[in-house]
Each structure stands twice: as C-alpha cells, then as structure tokens.
**Student:** 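There's a structure below that I have some questions on.
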2 protein chains.
Amino acid sequence: MDEEFKLNTIAAADMPASDGSVDQEASSKHRRLSPAQRREDFIRKATTLFAEEGFDAGTRELARKLGVTQPLLYRYFPSKDDLIREVYKRVYLDRWQPEWDDMLGDRTRPIRERLQHFYDAYTDAIFDRDWIRIYLFSGLKGAAINKWYVSIVETRILTRIIEEYRNEAGLPAQEPAAAELELAWLLHGGIFYYGVRKHIYDSPVLEQKNRAISNALDVFLEGIASVFGTAVKTRSTAIRKVSGPEGQD
Amino acid sequence: MDEEFKLNTIAAADMPASDGSVDQEASSKHRRLSPAQRREDFIRKATTLFAEEGFDAGTRELARKLGVTQPLLYRYFPSKDDLIREVYKRVYLDRWQPEWDDMLGDRTRPIRERLQHFYDAYTDAIFDRDWIRIYLFSGLKGAAINKWYVSIVETRILTRIIEEYRNEAGLPAQEPAAAELELAWLLHGGIFYYGVRKHIYDSPVLEQKNRAISNALDVFLEGIASVFGTAVKTRSTAIRKVSGPEGQD
DNA sequence: ATTTAAATTTATCGACCGATAAATTAACAG
DNA sequence: CTGTTAATTTATCGGTCGATAAATTTAAAT
C-alpha cells in the first residue's frame, strides 16, 4: 500500500451526461470532442461497463458504447490498467464528502441524530449500482485502494462512532477496543449489506432506506447501551413498533 | 429462476485431498486417475482457482494446476460453463447442513442459545475463502443460484429468527413484517460482513469469531427488545462489558 | 505377450484480447 | 479557400481464450 490516495475535498466535476447506450450524437458521422470531454466520457462509460461486467470487460465493447473505435482509447490512456485506475479514483475518492467528518463529530447534536444524518447521506452516495459493484469487484481483485478505503472507514467512521457514543454515554474517553470496533462494523456492515442485496443480488429490500437505517440505529444504540451497561437517550420517536411501511406512523 | 436447486441432505462426498499447487504425484510422468477421481479433482481445483481469480480464469491454468493438459477438461465437462455449474453446486448446495433448520426452531432452548449455536455453525461453514468469494463472484455475475440462495436465507433463517423471537417474547404469531425482516437482515448482513472483511478485503477482524457473534447477538436481541417494546432474557453472561480479548472473562 | 478400451496428449482452429503504427479526416487559423 | 494540427479510423500484430479432432499411452483383460 505504498501509493498515496487522497479523498475528495470539493464536489466532483460536473460534465455533460451522455448516458445513451451508443453515443452517436445527433449530427454527422464522426463527431470530434475536446480531449477533456472525450477522456471524461471514457472514464464515465468505463465505470458503468466495469460495474456491470467486471474489469475483464473488453476495450472494444467500451469503445462501441461510446460510438468510437477501440484504438482511440490509447490516445487518452496508456493502458487499460490506467483507465481502471481512473475509475477507481472516481469511485473511491470523488464521492467522499468532506462534511461527513464533521457530521459525526458535531457534539451540539445528540448522537442518534448525527448517526441518522450521516448514514442517510453516506448511503445516498454509495448505494449506487456503479459504486457498490466497482467496490466489490475491486475488493475481489485485491486492489490497494480498496484496502486503503477500508482503513479510512475504520478511522473516520467507526472509530468516531465508538468515541462519540462513549462521550454521549458518559464513559471515559479511550481508544476503542477491538471488540467495540467490531460492534461498529456490525452496524456498518449490516447497513452496507442493504446495498449489496439491492445492487449485487438484485434482491428486493425495504423500500424506504431511511426507515431501514432508522430501525438499524435504534437496535444498535439500544443494544450497545444494554451491553455496555449504560443508558443513552437514543430513540428518535416514541417507542411503539418497528417503524415500517405497514405501521405508517 | 426456472432451474430447480436442492440443498444438501447428507454430508458432502469425501475424496482424497490433492491440494498441492501442481499435482504431479509421486511416481511416473503421466498418472491416470479414475474418471470419478479426475472429475472430482477438476471441480475441487476449479473452486479454489475461480475463488481467487474469478470465473474468467483460464482452463489452461486450471489444467496446469492439476498437472494435466487443457483439452482433458472437455472429456469430463462439455463446456467451461458446465464446470462452473458444478462448482456452484458444491458451494451453494453441499455445504448447507440440514440440522441448521432444526437448531433455530428448537423451542426447548432459549432463543439466545439457539442463535449462538446456529451462527457459530453457519459461519464455520461459510467463512471460508473459497465459499465467500465464489458466493460474491457468482452474485456479481447474476447467477440464478445466487438469487435462489438469498431467498433460502430469507425463508429458512431470517423469517424463522423473527418468528422465534416473537414467540419467545410472547408476541402474537404472524407473518414477519417487511421491516422486521429487514432487521433480521441487519444482523445477518452484519455477521456476514465479518467474512467479507476477512476473505474479500483481507482485512484484520476480531480474532475470536464466536466473540464477535456473541456480542452481535447481545446487541441485536437487546436492541429489538427495546424497539419492539418487549423484554426477553437475552444476555448469555452477566452484564459487564463488551466481551473481547482485553476483558477475558 | 497380445489385445482392447479409454485416459491423456499433441496439434490446431477461430474468436477475441490489449496494444501499436500508419492513414484519414474533421476542425480550425490564416 | 488553403494549410496545419490533432482527433479519429483502418489495419494489424502477438497472445490467449474455449473448444475440437486425431494421435498416443497407460492400464487392464485375455
């Protein structure tokens, strides 16, 4: 893990969409694009192609989807691996929102509210077919950036969740124990798996994502309160029933 | 999902191991194996090869690992896809233990004990590098057997967990609501993700798997007890601290 | 020892892969 | 309209893929 990665600091670049299956545009036969635009299109289409078929998808199919020929790719990227690396960057780096760091640590608000706010926003960003499939494909490939990102999740999200919980519960501040981190992984992995079921298994999930998260947080916070032997005001609403579509309160 | 799958009913076949990187055996140059043994070797080695490199791994590399030539494969399998289907069967069907069904429904024991027993056994079977990687690779490929298995998890494990919890908590028996099932997925996915971190991300996890499961069950059962507005004796041990390696009780 | 059946290898095919070089053509400057 | 630059295409190479056919070799039967 020598290569250095750096999380997004500003909003991702916003360029024209061009999402159709074969981009032949309106006008004549061979339209010319600016190098920046063409390069952007390659990365964009490569992301969705690799997300669907894996990184073994062919460069010819990619070119076909862009309505260009295959060798053109090599005017913008020295090799297919370089293209893949650019896709990694888009997925892993550009989608991270700097404000997420602040959301979890904002002690002016109760932790329950912070967690809901964070996971609503975080899953809005990552529960995306392209993102989650590229994430798993790259994980299976053993890509360095995947391992790096896992460590980021641990330090910037999970460690913080434990720290903030201990603070709110009046427990002494300390480095989270391995077993405590593992509990944070339980929550995080449980929520993440919602996205896996939806976009990898193509399985039906509870339609209201925020409901699923809300219930998950209730269970988690009430659960660790009991397990830690501490009490913390956690529930967002009055105790009634598991809030789902059938009991629309 | 027209193809019918059938879960294992008896223990998986037990044939000689042959795990070395290149099986050239002791004796002479070209050893001949019985068709059954050779076929078995192909499936076995294909499982670990595909688990590592995905289903795009070449048939020549597979043959090389077995110390035979590539066309020999086609004497035992009509096509590579047929070999892959056999691998699927081994992973998805043969590892399922029929007794798991009974474990969760055995009302002579408290639900906490049943859950620990089940997840200890279940994860012993599936937290295996070959299993979990083949599982995700096939999921990403959209294999029918993967979707089928997800439905099996839902009906045979998660639905039952909710039913048994409701029973133990004295709640009226009823078809689990979608939001309740989603909570069971939270537990299941959280536990499953332990295996993903270990075998897909190659990330360090809490060494004692049963500890991680035990803590997960404590949080889950205490949590839903609060959320459901019910109380159920759940803790396995006295309330002390999150049981981890540091507080070895 | 000879014969026979089948397990295994050698040789090869057509398709596709990533990549390179050279020819072409669109767009723009004057 | 002409000339120049570079975006794009055409043509192609060497390698690998899954798969097939034919030759070979092992092992067992007689």
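Order of the sequence lines fixes the chain letters, A, B, ..., with proteins taken first and strands second; residue numbering starts at 1 for each chain. Please read these numbers as outputs of a predicted model, since none were measured by experiment.
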**Student:** A:Arg60 has an atom CZ; how far is it from atom C1' of D:dT8, in whole Å?
**Tutor:**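 One finds 16 Å between C1' of D:dT8 and CZ of A:Arg60, rounded.
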
**Student:** D:dC17 P sits how many Å from B:Glu53 CD, rounded?
**Tutor:**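 For the pair B:Glu53 CD and D:dC17 P, the rounded distance is 10 Å.
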
**Student:** Need to verify one output field. Residue with the more 5' nearest nucleotide on DNA chain C, B:Ser34 or A:Gly58?
**Tutor:**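 Between the two, 5'-proximity favours B:Ser34.
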
**Student:** Atom CG of A:Leu49 to atom P of C:dC17: distance rounded to whole Å?
**Tutor:**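 So the CG-P distance, A:Leu49 to C:dC17, works out to 11 Å.
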
**Student:** Reckon A:Tyr74 has a side-chain N or O less than 4.0 Å from the OP1 or OP2 of C:dA19?
**Tutor:**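 For C:dA19, OP1 or OP2 has a side-chain N or O of A:Tyr74 closer than 4.0 Å.
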
**Student:** With a 6.0 Å cut-off on the ring centroids, do A:Tyr135 and B:Tyr201 count as close?
**Tutor:**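 Yes.
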
**Student:** In this structure, how many angstroms lie between the C1' atom of D:dT16 and the CG atom of B:Leu62, rounded?
**Tutor:**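 Taking CG of B:Leu62 and C1' of D:dT16, I get 16 Å after rounding.
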
**Student:** Given atom CG of A:Asp56 and atom C1' of D:dG15, what is their separation to the nearest angstrom?
**Tutor:**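 After rounding, the reported distance stands at 16 Å.
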
**Student:** Within this structure, what is the CG-to-P distance between B:Leu73 and D:dA21, rounded to whole angstrom?
**Tutor:**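 Nearest whole value for this atom pair: 16 Å.
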
**Student:** Taking the six-membered ring for Trp, is the centroid-to-centroid distance between B:Tyr92 and B:Phe5 below 6.0 Å?
**Tutor:**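 Centroid separation for B:Tyr92 and B:Phe5: 6.0 Å or greater.
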
**Student:** Nearest to the B:Leu72 side chain among D:dA19, C:dT9, C:dG18, which nucleotide is it?
**Tutor:**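 My answer, after comparing the listed nucleotides, is C:dT9.
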
**Student:** So, do B:Tyr122 and B:His188 have ring centers that fall under 6.0 Å from each other?
**Tutor:**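 Yes.
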
**Student:** Describe the nucleic acid contact of A:Phe77 in one word from base, sugar-phosphate, nothing, applying a heavy-atom distance below 4.0 Å.
**Tutor:**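 No contact.
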
**Student:** Which one, D:dA7, C:dG18, D:dA19, comes nearest to the side chain of A:Arg32?
**Tutor:**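 Output: D:dA7.
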
**Student:** May I have the distance from A:Leu33 (atom CG) to D:dT5 (atom P), rounded to whole angstrom?
**Tutor:**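 Going from A:Leu33 (CG) to D:dT5 (P), I get 22 Å.
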
**Student:** Identify whether any heavy atom of A:Pro71 sits under 4.0 Å from a base atom; if not, whether one sits that close to sugar-phosphate; answer base, sugar-phosphate or nothing.
**Tutor:**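 Counting heavy atoms under 4.0 Å across all strands, the contact made by A:Pro71 includes a base.
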
**Student:** Think B:Lys209 forms a cation-pi with B:Tyr194, using NZ or CZ under 6.0 Å from the six-ring centre and within 45 degrees of its axis?
**Tutor:**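 No.
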
**Student:** Which whole-number value in Å describes the distance from A:Leu83 CG to C:dA19 P?
**Tutor:**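 Answer to the nearest Å: 10 Å.
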
**Student:** Let me know, please, whether A:Gln70 or A:Arg75 comes out on the 5' side of the other along DNA chain D by nearest nucleotide.
**Tutor:**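 Of the two residues, A:Arg75 wins.
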
**Student:** Hey, does A:Ala57 reach any base, or is it just sugar-phosphate, or nothing, if we go heavy atoms under 4.0 Å?
**Tutor:**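 Answer is sugar-phosphate: A:Ala57 comes under 4.0 Å of backbone atoms only.
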
**Student:** For A:Phe137 and A:Tyr88, I'd like to know if the aromatic rings sit close, meaning centre-to-centre distance below 6.0 Å.
**Tutor:**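 Centroid distance A:Phe137-A:Tyr88: not below 6.0 Å, so no.
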
**Student:** For B:Thr69 and C:dT8, is the shortest distance between a side-chain N/O and OP1 or OP2 below 4.0 Å?
**Tutor:**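 No, outside the criterion.
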
